[in-house]
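Lettering follows sequence order; numbering is per chain, from 1.
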Amino acid sequence: MTRLFEPVRITLDFLQAIGQRAVFFLATLWASPRALLRPGIVVEQVFFVGSVSVILIGVGGLFVGLVLALQFYTALARFGATSSLGGLVALALLRELGPVLTALLFAGRAGTSLASELGLMRATRQIDAMEVMAVDPMRRIVAPRFMAGIVSMPLLAGIFSAMGILGAYLVGVKMMGLDPGVFWSSMRHEVSFRSDFVDGMIKSVIFGAACTLVAVYEGFHARPSAEGVGQATTRSVVISSMVILALDFILTSFMY
Amino acid sequence: MGEGPLIRIDDVHFGYGRHAVFTGLSMEIPAGRITAIMGPSGTGKTTLLELVTGQLHPDRGEVWIQGRNLARLSRATLFRLRREMGFLFQEGALFGDLSVFENVAFPLREHTRLSDTLIHHLVLMKLEAVGLRGAAALTPAELSGGMARRVALARAIVMDPVMMFYDEPLVGLDPIAMGVILRLIVHLNETLGMTSVIVTHDVKEVLKIAHGSYILSGGRVVAQGSPAELSRSRDPWVRQFLDGAPDGPVPFNYPAPDFSADLFMTGVRR
């Protein structure tokens with residue numbers, strides 16, 4: 001009898017989890033304009049989430065660019081089309097790999113530190129203390145971090161793509177001996193500002209919002225114990241990664 | 001000192017899931033007095049403070065503060081009311097990313113538009129009151145447990161609240177820090193007329209300074225009165241609690257099968 005109802009229970013639990021996150025999202029949006037009244041706190045958070053991720057994302061971008069250029073070069077060489085290398089790498093980075101990989105790295109670095117920071121604040125009752133001091137934690141803690149995620153993700157994705165293009169330049173021009181003029185002009189020829197750069201940035205903004213929201217939600221609702229904080233941190237990476245990849249499919253299908 | 005109850009708890013029922021914490025709790029906390037709420041661990045003393053500050057809401061019954069029913073207040077009104085409350089957490093609950101000074105300044109920066117100079121003066125005055133002016137630049141991680149509690153107390157009183165709630169203020173303190181905290185509670189009560197509610201199981205120390213007290217057990221009030229009345233009481237609940245006896249109406253052991261049956265494994269199989 002109970003086994004029969006198991007799928008029903010799982011579905012209800014899932015819907016409840018989605019609902020709770022949706023309510024949290026709306027509350028965060030509601031608190032965000034008021035958080036902007038104190039831009040200092042938002043800037044502080046942009047600095048925090050940006051500074052913890054920037055080196056990781058820069059180095060990550062460089063390596064992805066190096067690998068992409070190597071792979072594309074060998075494939076293009078077969079058709080004698082190595083002159084398109086610059087454009088191809090830039091397209092792959094700006095449209096897809098830049099936003100997605102930045103978001104995944106961000107979830108692993110800044111997302112986990114946000115989730116564990118908030119989880120620890122919950123466990124040591126700092127969030128309760130704020131509540132009884134009549135300070136709304138949604139406005140003071142959650143909203144500034146959310147805004148910071150939205151601001152810093154596109155910036156980081158920009159750094160990722162720039163470093164990736166630099167990596168491709170090193171492989172294509174310095175290693176394989178491609179003409180630098182050809183490398184850069186193919187990029188100018190292939191990449192459209194509106195449909196490639198701007199759409200990539202829109203993706204990043206949305207990933208930034210999703211990633212930060214998942215991290216702060218998990219941290220804010222962590223069980224108040226050491227174990228609870230650990231679980232919240234793990235959950236934040238797992239859920240963010242799934243959400244990023246799913247959102248990427250949805251956004252790409254609308255954009256291109 | 002004001003007259004009449006500042007806080008009235010009326011037939012409150014509350015539970016976490018199936019575990020009932022309060023089953024018809026009623027009490028009145030007079031304005032301008034020090035009221036001690038005592039009881040063994042796990043009787044819901046901290047839960048009671050969370051109900052009074054509106055962090056939790058009763059399943060049944062009402063909590064009234066200054067003639068207002070907490071459950072009926074909007075979030076904005078509740079937050080306005082909370083500005084008149086100070087709350088000392090057992091853990092201190094200091095903000096780990098802020099210095100001691102900024103921790104104490106936090107409520108002022110959030111709720112007032114005072115100049116930095118004035119905030120500086122106010123914060124140092126409160127830190128001086130708890131004897132930690134010299135620790136203003138430290139971070140919470142550099143403080144001992146007792147020091148953290150005193151900084152938390154400075155932060156709780158920095159807005160000069162009308163009522164102050166202390167959650168186990170003496171747990172884990174050395175006798176000197178204990179004396180300092182107790183003297184501070186009395187001082188705040190006498191000079192500012194602050195209503196103080198102390199939740200504790202440090203019976204002897206707190207009864208020295210309390211004007212009135214309640215003893216909780218099994219989800220309700222089992223005894224109440226002034227410290228003198230309680231110490232004269234013949235009531236078995238009061239006697240067991242004040243004398244710290246393991247046997248009496250308050251069960252010390254978690255419910256278990258008969259010990260000999262359990263030892264010889266003839267009782268319930270695990």
Part of B:F165 lying under 4.5 Å from any heavy atom of chain A: neither
For chain B, the option from A:V135, A:D136, A:I127 that forms the most heavy-atom pairs under 4.5 Å: A:V135
A:F254, CZ: over 12 other non-hydrogen atoms inside 6.0 angstrom: no
Whether over 12 other heavy atoms sit under 6.0 Å from B:H57 NE2: yes
Interface moiety of B:Q90 toward chain A, non-hydrogen atoms closer than 4.5 Å: neither
N-O pairing of B:D167 and B:R149 below 4.0 Å: no
Residue among B:M159, B:Q55, B:R83, B:R80 with most heavy-atom pairs under 4.5 Å to chain A: B:Q55
Check ion pair B:E62-B:R68 (N to O, under 4.0 angstrom): no
B:L81, part contacting chain A, at a heavy-atom distance under 4.5 Å: neither
Heavy atoms from other residues, nucleotides or ligands near CZ of B:R133 exceed 12 (cutoff 6.0 Å): no
Chain A contact via B:F89 - which portion, at a heavy-atom distance below 4.5 Å: side chain
